[in-house]
Colleague: 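What follows is a structure written as structure tokens; I'll ask about it next.
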Protein chains: 2
Amino acid sequence: MNPTVPSETGAPRNTKQRSAVSAVLAETEGFHSAQDLHAMLRDRGERVGLTTVYRTLQGLADAGEIDVMRPPGGEHLYRRCSQGHHHHLVCRSCGRTVEVAGPAVESWADKVAGQHGFVDVSHTMEIFGTCPECAAKS
Amino acid sequence: MNPTVPSETGAPRNTKQRSAVSAVLAETEGFHSAQDLHAMLRDRGERVGLTTVYRTLQGLADAGEIDVMRPPGGEHLYRRCSQGHHHHLVCRSCGRTVEVAGPAVESWADKVAGQHGFVDVSHTMEIFGTCPECAAKS
DNA sequence: GTCGATAATGACAATGATTGTCAAAAGCGC
DNA sequence: GCGCTTTTGACAATCATTGTCATTATCGAC
């Protein structure tokens with residue numbers, strides 16, 4: 001083939017940095033910002049540039065291996081999630097996150113989009129609330 | 001009463017700027033960024049500062065009079081919406097927006113959150129796709 | 001209508017996450 | 001091992017959004 005055209009079959013190279021980012025995501029719970037992850041990597045002694053963390057996270061997100069959430073706070077949060085499609089229930093006080101599956105929502109979104117002729121449909125959903133513990137405190 | 005304690009009953013003042021922002025929102029279709037709206041106001045000859053546009057939009061959003069969407073692009077988009085709760089179906093190519101109501105989704109979100117003990121529940125949902133016209137073009 | 005207290009405004013600077021750039025270094029196929 | 005190609009990483013640039021604070025307009029009472 002033509003080496004100057006990697007096309008879509010080009011598998012990403014296995015680098016230490018990519019592995020390190022994946023490892024941190026695999027061993028941590030909950031959502032973390034890119035800068036969080038960068039700090040964690042430094043604490044572990046891994047030398048990974050912040051730029052690389054961002055790019056690696058984007059790549060993983062594109063590959064569907066991690067999940068991205070954009071909370072009102074403004075930072076992107078990344079998390080290693082179960083592979084299947086699902087949604088998140090987030091405590092707006094302590095940040096605790098629960099994964100929830102909603103097949104009904106998936107089919108509803110597809111149906112509604114189809115009714116309007118839309119194709120190639122995706123959707124995002126986030127549920128915010130106050131978890132029992134935080135509610136008890138206040 | 002005690003003027004030094006506005007408490008929570010203090011209604012926002014009616015200023016020209018607030019009216020102007022509301023007017024633009026009322027007369028335009030679709031979502032617009034804060035900077036978009038600022039430009040529109042300038043074209044109309046209204047003298048409104050960008051800072052004020054941001055603050056007014058935040059206020060209107062808090063009051064539930066407008067809707068905020070945070071697309072992957074990064075900018076906040078604001079829109080005058082029907083008052084009731086609803087969701088949006090957005091064409092990721094041309095930006096065309098359709099309002100959709102989904103009572104099933106509302107109740108599902110509440111139910112799921114309740115099952116986990118969450119209270120004071122809200123949620124956001126956005127559906128992205130390619131509208132018929134854009135799909136035909138490509 | 002006028003006055004005074006108070007909140008809103010607006011120009012500008014500051015913030016801060018994310019992205020672009022490009023030389024240097026590493027990975028993969030042969 | 002070699003060479004090409006991708007990835008990395010330090011730094012700068014970008015850009016929306018927010019903070020600051022003196023000035024101004026609004027509201028409510030008189």
Colleague: Just how far, in rounded Å, is C1' of C:dT18 from NE2 of A:H38?
Modeller: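 Between C1' of C:dT18 and NE2 of A:H38: 14 Å.
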Colleague: Can you tell me whether the side chain of B:R55 and the base of C:dG10 have a donor-acceptor pair closer than 3.5 Å?
Modeller: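 Pair found.
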Colleague: Nearest-Å distance, CG (B:L57) to P (D:dA16)?
Modeller: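 After rounding, the gap between these two atoms is 14 Å.
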Colleague: Think B:Q58 has a side-chain N or O under 4.0 angstrom from the OP1 or OP2 of D:dT17?
Modeller: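 B:Q58 to D:dT17 OP1/OP2: no side-chain N or O under 4.0 Å.
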Colleague: Rounded to whole angstroms, how far apart are NZ on A:K16 and P on D:dT7?
Modeller: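 So the two atoms are 17 Å apart, to the nearest Å.
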Colleague: Counting side-chain heavy atoms from CB outward, which of C:dT18, D:dT8, C:dG10 is closest to A:L50?
Modeller: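 The answer is C:dT18, which lies nearest to the side chain.
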Colleague: Which nucleotide sits closest to the side chain of A:T15: C:dT19, C:dG27, C:dC28?
Modeller: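 Given the options C:dT19, C:dG27, C:dC28, the side chain of A:T15 is closest to C:dG27.
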Colleague: Send over the distance from B:D36 CG to D:dC15 P, rounded to a whole Å.
Modeller: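 Rounded to whole Å, this separation is 15 Å.
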Colleague: May I ask you to test the A:E75-A:F31 pair for a side-chain heavy-atom distance under 4.5 Å?
Modeller: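 No, too far: nothing below the 4.5 Å cut-off.
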Colleague: Does atom CZ of A:R44 have more than 12 heavy-atom neighbours, drawn from other residues, nucleotides or ligands, at distances under 6.0 Å?
Modeller: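 More than 12 heavy atoms, drawn from other residues, nucleotides or ligands, come within 6.0 Å of this atom.
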Colleague: For the side chain of A:Y54, counting heavy atoms from C-beta on, which of D:dT17, C:dT19, D:dT8 is nearest?
Modeller: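 Minimum distance to the A:Y54 side chain belongs to C:dT19.
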Colleague: With sugar-phosphate meaning primed atoms plus P, OP1 and OP2, does B:T51 contact a base, only sugar-phosphate, or nothing at under 4.0 Å between heavy atoms?
Modeller: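 It contacts base atoms.
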Colleague: Rounded to the nearest Å, what distance is computed from the CG atom of residue B:N14 to the C1' atom of nucleotide C:dA8?
Modeller: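 Going from CG in B:N14 over to C1' in C:dA8 covers 12 Å.
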Colleague: Which atoms form the tightest heavy-atom contact between A:A61 and A:V68, and what is the distance?
Modeller: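 Result for this residue pair: CB-CG2, 3.6 Å.
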Colleague: Using whole Å, what does the distance between atom C1' of nucleotide C:dG10 and atom CG of B:L41 come to?
Modeller: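 Whole-Å distance recorded here is 14 Å.
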Colleague: According to the interplanar angle, ranging from 0 to 90°, do the rings of B:W108 and A:H87 count as parallel (below 30°), tilted (30 to 60°) or perpendicular (above 60°)?
Modeller: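 Ring orientation of B:W108 relative to A:H87: perpendicular.
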Colleague: I want to verify a distance call: between C:dT18, D:dT17, C:dT9, whose nearest atom is closest to the B:Q35 side chain?
Modeller: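 Selected nucleotide: D:dT17.
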Colleague: Write down the distance between CD (B:E46) and P (D:dA25), rounded to a whole number of angstrom.
Modeller: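 Between P of D:dA25 and CD of B:E46: 15 Å.
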Colleague: Which nucleotide, D:dT18, C:dT18, C:dC28, lies nearest any side-chain atom of A:H76?
Modeller: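 Among the listed nucleotides, the one closest to the side chain of A:H76 is C:dT18.
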Colleague: Using the side-chain heavy atoms of A:Q17, tell me which of these nucleotides is nearest: D:dT8, C:dT9, C:dC28.
Modeller: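 For the A:Q17 side chain, the nearest candidate turns out to be D:dT8.
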Colleague: Taking the side chain from A:H38 and the backbone from A:V48, do they hold a donor-acceptor pair closer than 3.5 Å?
Modeller: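 Yes; judged by distance alone, with no hydrogens or angles, the pair exists.
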Colleague: Atom CG of B:L37 and atom P of D:dA16: how far apart are they, to the nearest Å?
Modeller: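 For the pair B:L37 CG and D:dA16 P, the rounded distance is 13 Å.
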Colleague: Report which part of the nucleic acid A:R47 touches: base, sugar-phosphate, or nothing (heavy-atom distance under 4.0 Å, all strands).
Modeller: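 Sugar-phosphate, backbone atoms only, no base.
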